[in-house]
Structures are given as C-alpha cells and as structure tokens.
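By convention in this document, chain letters (A, B, ...) are assigned in the order of the sequence lines, proteins followed by strands, and residues within each chain are numbered from 1.
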Amino acid sequence: MGRAVGIVGVGQTHHGKRMEISYPDLVREAVVRVFEDTGLSPRDIDGVVSGTMPSMMEGIALTHFYFADAMQAVGKPILKTETCGSTGVSIAHTAYYWISSGMADCVLAVGHEKMNEGDAQATMTTVVEPFYQRFFIAGAPGVFSMQSQMWAERYGIPQEKIREAAAHISVEHHEAAFANPYAHMKIHVTMDDVKNARLITYPVRLLDVCPTSDGACAVIFMSEEKAKQLGRPVAWVKGVGYRGEEYFFGDSDKGVWQSAVGAAKQAYDQAGIKNPRKELDVAEVYNPFTFQEMLFYECFGFCDLGQSPDLVLKGVFDRTGELPCDPSGGTLCTNPIGATGLVRVAEAALQVMGRAGDHQIAGAKLALSHAMGGVDQFNGVMIVGSEL
Amino acid sequence: MAKEYKTLKTEIRLPYELSYGPVWTRFFEGMREKKIYGTKCEKCGRILVPARSFCPRCFVDTNAWVEVAQTGKLTAWSYINYRYFGMPTEPPFIGALIRLDGTDVDFLHLLGGIDLADLDKVRGIVHNGMQLKAVWQEERIGHILDLEHFAPV
Ligand SMILES: [Zn+2]
C-alpha cells in the first residue's frame with residue numbers, strides 16, 4: 001500500500017423521492033453538508049471524483065461536467081468513475097488511490113443518482129449483453145433471484161428456512177432505518193408482511209427488494225499529514241479490494257461468488273484481518289435483496305458456506321448481534337444507485353469515528369463497506385478503522 | 001401541503017445498429033437451421049456457448065467450431081412474476097441457466113413447456129439438475145428468440 005489515507009467527514013442528502021429539487025441542487029445538498037461537517041472549504045480540495053450508475057439514468061451524459069459547479073470542481077482535476085452498482089465504492093477507491101499515490105492531499109468524492117427522473121428499468125436493461133442475454137434477465141431481481149436459488153439449492157438450505165431468514169433481515173433493516181435520519185423507506189414491517197408481500201421474482205417478494213431512490217453522498221479523503229492537522233476523529237482506510245468476472249452471465253459460478261470472495265480477501269490481507277466475524281465491529285454490506293445479503297455474509301467469511309440463514313435467525317447480524325450488518329438500514333431501505341456504495345463507505349466511516357448518532361454501534365473500531373455491480377459481475381470492498 | 005414544483009418532460013430516442021461480426025453472424029445463421037454452435041478453446045479445452053471469437057480466460061482465438069447438444073441440465077432458475085422493460089414474454093415466465101451437454105459454461109434462456117400459472121405446481125416440477133431440451137420456433141429469423149424455450153425432457 002502507498003501513503004495512509006483517512007476519511008475526515010461525510011455529507012448525505014435526505015434520500016427518497018426528491019422531485020421537488022433539481023439534480024444539481026441535490027448534489028450540492030450533499031457537498032454543502034460535507035463542507036459543514038469538516039469545516040473545510042472548496043479551496044482545500046485538490047481534486048474531485050464523482051460518478052453515477054449509468055449517466056443514461058437521468059438522460060444527461062458526463063454528469064461530472066453537469067455537476068462541476070455543484071461540486072466546486074472548477075479549476076481542479078476532475079474524474080468520473082462508473083462501475084454500475086459498485087460505482088460508489090469505486091469512487092472511494094479512486095479517491096484513495098489518488099491520495100495514496102502522493103498525487104493529492106485532499107479529494108472530494110461524490111456519488112449521486114436521481115432514479116425517479118428517468119426510466120430506471122429501461123436504463124438498467126442496457127447493462128445486459130444485447131444479442132443473447134438482454135431478453136431473459138428481467139432486471140436485477142431476475143439475476144439475483146437466480147443467483148440466490150443456485151446458492152440455496154447447492155447447500156441444501158430448505159426453502160422455509162431461507163424464507164424465514166430473509167424475512168428476519170427485512171424486518172431488522174426496515175426497523176433500523178428509523179434511526180437513520182437520511183434513510184428513504186421508513187416503514188414498520190412484520191415477518192408476515194414480508195412473507196405475504198407481492199411476489200416479484202420467486203423467491204423475492206416486494207419487501208425483499210430495495211426502493212427506487214434519489215440521493216447523493218459526499219466524502220472527503222485526506223492524506224495522513226493533513227488529516228491529523230484537523231484534530232478530529234478520522235476513519236483510516238485499512239484495506240481496499242476489487243474483483244471482476246467474465247461479462248456473459250453463465251461463464252462463471254455465482255453460487256459462491258468469486259469476485260465477492262476475492263475483493264474481500266484482498267482488503268482483509270491489506271488490513272491484516274484473519275477472522276472477519278471476530279475482528280470486524282460492523283459491516284455495511286450492499287444489500288438490495290435480502291436473499292443475496294446472506295450470500296455475501298458467506299463470501300466475506302462471516303460464516304461458513306451454507307450457514308448464514310442459521311446465524312441470521314440467531315440474530316448474529318442484528319444491531320445487537322456479534323457482527324451488526326447494515327445498522328443504517330442499508331441498501332434495502334435506500335438505493336440511489338450511484339451514491340449507494342459511497343453511502344456504505346460513509347456509514348462505515350461514521351461508525352468508526354463514533355459519529356453515527358442513533359444507529360451507532362457502541363465502540364466500533366473496524367468496519368467493512370461493500371458494493372457490487374453489473375450483471376453479477378463486480379464486487380468492491382473498503383475497510384476503515386479508527387486507528388491508523 | 002408542500003408546494004409542488006415544475007418538472008420538464010423530455011425524451012431521447014436513439015436508434016442503434018449493432019455489428020454481430022463473423023462469429024456471432026455464423027452462430028445466428030445456425031439458429032435458423034435449428035443448430036446451436038459453440039467454439040472450443042484449444043488452450044483450456046472449454047467449449048463456450050454461444051460461440052465466441054476468443055476465450056475470455058485464455059485470451060486466445062477460438063477457431064474450432066462445434067455444434068453442441070440441444071439437451072442439458074438446469075443450473076439455476078428464476079420465476080419472474082412482474083412485467084419488466086423489454087421482456088419478450090408476458091409474466092409469469094422462467095429465466096434459466098442451462099448447462100448444455102458437453103459444454104463448459106451455462107447458457108441463459110427461458111424454461112417453458114409447463115403450466116406456469118401456479119407457482120406451487122412449478123416448484124413441484126422445476127429443480128436444478130433436471131433434463132431440458134431445446135424447443136424451436138416454426139419461423140426462424142436468426143435471433144436468440146428462434147429458440148422458443150427449453151422444456152423438460
Ligand atoms: Zn480458454
């Protein structure tokens with residue numbers, strides 16, 4: 001690894017259906033908040049990196065130019081990073097690489113999406129291979145249901161158990177969202193509500209799926225020297241990992257998702273983590289689908305393969321459990337896609353800085369954040385800690 | 001009541017003409033004749049379907065053509081119960097990954113030929129590892145939908 005890098009502050013919009021505000025003003029809402037949070041000003045920023053899922057979502061290409069003013073990027077180096085659902089974590093990685101390499105001391109990272117302005121389904125269809133595969137995918141629910149089905153059947157997990165565990169996750173995250181002032185979906189749901197919700201793609205029902213959100217997130221990364229001068233809590237980047245797979249859905253095994261395994265392993269090796277369930281205090285797993293969240297627990301080594309539903313039902317990953325996952329309510333309750341991965345990083349940083357407010361996990365010192373992208377193709381991880 | 005603000009309704013229509021290139025042109029010519037073609041990678045030995053111009057793992061040209069079996073085993077499936085942009089069939093339908101016999105990757109298509117109205121009945125029939133066979137359209141135009149679906153043997 002290169003130079004040490006820390007996160008010094010975050011700013012989030014209130015996520016939800018935000019048709020009352022223009023897209024540039026929405027981005028500026030997050031940017032203003034990160035400057036308020038840190039006491040820094042645009043003069044302190046050496047470079048700006050931003051991204052969206054695909055620009056087509058809102059019908060305006062090259063969004064980093066569209067938001068040059070809202071991000072105060074004029075006169076500075078500006079980059080765009082776009083890796084589909086994992087965009088937000090990739091933006092964080094870009095900021096990290098930039099400072100770690102010694103080429104900048106202070107980078108503003110911004111993720112954003114305004115999904116309600118366009119046709120999100122039509123946009124996401126264009127992510128899929130056009131000649132052979134686009135006709136059969138039925139969007140993210142179709143892909144991720146197939147993956148979850150493959151995983152559950154391989155490990156012989158009874159349908160009733162996995163259904164029960166997924167409902168537990170939905171209830172827990174929807175409840176957690178009430179403690180997060182920025183979360184989109186704030187609804188009380190019961191186990192029966194989840195199990196009887198409208199069927200989308202078997203076994204996924206409506207309350208197993210994330211909402212369509214508008215929102216932005218801004219995070220400021222700094223070199224060790226500059227961060228220490230601020231005299232405030234810093235979330236130090238302890239490890240980063242990113243892995244991809246072949247483009248064709250069907251070319252690689254998704255039942256044990258190798259890019260998720262590989263991304264986590266790379267980050268763990270850098271952070272010196274041997275037993276993630278014991279060593280991590282909290283995780284912000286990218287979880288637009290309850291069933292898939294369990295697969296991630298296994299790929300990240302939180303438990304053995306095929307074991308996650310049992311542990312979910314024991315409460316191991318609840319806010320009061322051994323390794324709380326998504327105490328913010330997670331992607332399940334808030335998903336402005338281009339911002340979502342960076343929200344995971346921001347929430348992990350707030351936890352280890354002790355600044356997560358009502359959803360703070362007491363004493364959290366080491367946190368994992370994650371996002372995935374493509375048609376089950378890419379995974380990215382960033383681990384942050386309170387100690388350098 | 002919060003004040004409602006104006007929105008601008010706008011639209012972008014973009015026609016495209018995507019090149020198949022020689023390998024995929026040959027694959028889709030095969031579809032017209034009810035044939036499914038793959039290519040074999042001489043380095044790793046895998047048979048890739050649909051046919052590819054190069055092996056994504058070995059990065060070598062794959063020039064060896066093979067007509068692959070029209071039967072295979074179900075690897076994974078998803079019962080889709082909602083209308084999604086650009087889907088060729090009305091819900092419910094089943095998206096499926098199928099490992100065609102003798103090949104080394106999964107082929108994505110539809111699973112059909114059974115009554116899909118009742119999910120519980122579907123769950124009684126459909127299971128990973130089940131044998132499936134290709135069912136073709138009468139009229140074929142050199143398109144992936146020349147294959148109607150894969151049905152239980
Ligand atoms: Zn090969």
Side-chain angles (χ1 to χ4, degrees), chain A residues 19-22 56 58-61 116-126 128-154 159 198-206 209 245-255 375, chain B residues 2-8 10-12 14 16 18 20 24 27-28 46 48-50 52 55-57 74-89 91-99 103-111 119 122-123 126-129 143-145 149:
Chain A
M19 292 306 284
E20 88 292 355
I21 192 170
S22 74
M56 203 186 294
E58 298 85 9
I60 293 170
N116 287 293
E117 290 199 347
D119 186 336
Q121 282 195 0
T123 299
M124 287 194 269
T125 297
T126 66
V128 187
E129 197 286 330
F131 299 107
Y132 296 95
Q133 303 204 315
R134 192 171 286 178
F135 310 96
F136 313 120
I137 286 287
V143 178
F144 301 137
S145 295
M146 227 182 286
Q147 178 178 34
S148 302
Q149 190 274 329
M150 188 190 286
W151 159 71
E153 190 146 325
R154 181 173 306 170
Q159 181 55 37
R198 184 163 67 82
L199 183 69
I200 306 293
T201 53
Y202 176 76
V204 171
R205 292 176 183 273
L206 192 60
V209 189
E245 296 169 23
E246 293 93 335
Y247 180 62
F248 270 77
F249 185 62
D251 273 11
S252 49
D253 178 27
K254 309 300 179 187
V375 181
Chain B
K3 179 167 166 54
E4 294 235 336
Y5 295 95
K6 279 164 62 70
T7 56
L8 172 70
T10 177
E11 188 178 16
I12 302 164
L14 298 169
Y16 295 93
L18 308 182
Y20 284 98
W24 289 345
F27 177 90
F28 283 107
R46 293 187 309 154
L48 305 163
V49 60
R52 317 293 166 85
C55 174
R57 294 197 181 159
L74 181 64
T75 304
W77 60 283
S78 170
Y79 179 92
I80 292 149
N81 194 46
Y82 77 130
R83 195 170 277 112
Y84 191 87
F85 178 90
M87 293 298 105
T89 47
F93 63 91
I94 295 180
L97 283 172
I98 302 142
R99 182 64 59 99
T103 69
D104 297 286
V105 293
D106 291 328
F107 187 77
L108 181 70
H109 213 283
L110 302 171
L111 192 161
L119 174 60
V122 169
R123 284 182 60 195
V126 177
H127 57 273
N128 289 3
H143 190 276
I144 196 66
L145 294 170
H149 55 242

For the student: nearest non-hydrogen atoms of A:Phe131 and B:Phe28, plus distance
O-CZ, 3.8 Å
Flag the one option from B:Arg99, B:Arg123, B:Lys6 with the top tally of heavy-atom pairs under 4.5 Å to chain A.
B:Arg123
Which bit of B:Leu145 comes within less than 4.5 Å of chain A, counting heavy atoms only: side chain, backbone, both or neither?
side chain
At a 4.5 Å cut-off on heavy atoms, which part of B:Ile12 comes close to chain A: side chain, backbone, both, or neither?
side chain
Chain B heavy atoms under 4.5 Å from A:Ile21: which part of the residue, side chain, backbone, both or neither?
neither
Applying ring-ring contact (aromatic ring centres under 6.0 Å, His included) to B:Tyr79 and not counting sequence neighbours gives none
Set of ring-ring contact (aromatic ring centres under 6.0 Å, His included) partners for B:Phe27, sequence neighbours left out
A:Tyr132
Measure distances from A:Glu153 to the heavy atoms of chain B and classify the residue's part below 4.5 Å as side chain, backbone, both or neither.
side chain
Heavy-atom pair with the smallest gap, counting every atom of A:Gly250 and B:Leu97
CA-CD2, 4.0 Å
Max heavy-atom pairs within cutoff under 4.5 Å with chain A, candidates B:Tyr16, B:Tyr5, B:Phe93, B:Trp24, goes to B:Trp24
Here the gap from A:Met19 atom CE to B:Glu4 atom CD, rounded to the nearest 0.5 Å, amounts to 10.0 Å
Honestly, the part of A:Asp253 sitting under 4.5 Å from a heavy atom of chain B is neither
Closest non-hydrogen atoms of A:Thr201 and B:Ser78, given as atom of the first, atom of the second and distance, are CB-OG, 3.7 Å
Should A:Asp251 and B:Arg52 count as an ion pair when the cut-off is N to O under 4.0 Å?
yes
Treating B:Tyr82 as the side-chain partner and A:Ala138 as the backbone partner, does any N or O pair qualify as donor plus acceptor under 3.5 Å?
yes
Highest number of heavy-atom pairs under 4.5 Å with chain A: which of B:Tyr84, B:Trp77, B:Tyr20?
B:Tyr84
Would you compute the distance between atom CE of A:Met56 and atom CG of B:Leu14 and round it to the nearest 0.5 angstrom?
7.5 Å
Any sub-3.5 Å donor-acceptor pair from A:Gln121's side-chain atoms to B:Phe85's backbone N or O?
yes
Under a 4.5 Å cut-off applied to non-hydrogen side-chain atoms, are B:Leu108 and A:Met146 in contact?
yes
Given that the side chain runs from C-beta out, which part of B:Thr75 has a heavy atom under 4.5 Å from chain A: side chain, backbone, both or neither?
both
Could you tell me if the side chain of A:Phe135 sits less than 4.5 Å from the side chain of B:Ile144, heavy atoms only?
yes
Pick from A:Phe249, A:Phe248, A:Phe144 with the largest number of heavy-atom pairs that fall under 4.5 Å of chain B:
A:Phe248
Engaged part of A:Ser22 at the chain B interface, taking heavy atoms whose separation is under 4.5 Å:
neither
As an exercise: rank A:Ala122, A:Ser145, A:Gly118 by heavy-atom pairs under 4.5 Å with chain B and give me the winner.
A:Ala122
Hey, what do you get for CD (A:Gln149) to NE2 (B:His127), rounding to the nearest 0.5 Å?
11.0 Å
Side chain, backbone, both or neither: which part of A:Gln133 has a non-hydrogen atom closer than 4.5 Å to chain B?
both
Check A:Leu199 against B:Asn81 and note the closest heavy-atom contact, atom names and distance.
O-ND2, 3.1 Å
Reported OG1-to-CE distance for the pair A:Thr125 and B:Met87, which is rounded to 0.5 angstrom:
5.5 Å
Examine whether an atom of B:Leu18 lies under 4.5 Å from a heavy atom of chain A, and if so say whether it belongs to the side chain, the backbone or both; otherwise answer neither.
both
May I ask you to decide if the ring planes of B:His109 and A:Phe136 are parallel, tilted or perpendicular, using 30° and 60° as cut-offs?
tilted
Segment of A:Arg154 engaging chain B (4.5 angstrom heavy-atom cut-off):
neither
Honestly, the part of A:Tyr247 sitting under 4.5 Å from a heavy atom of chain B is neither
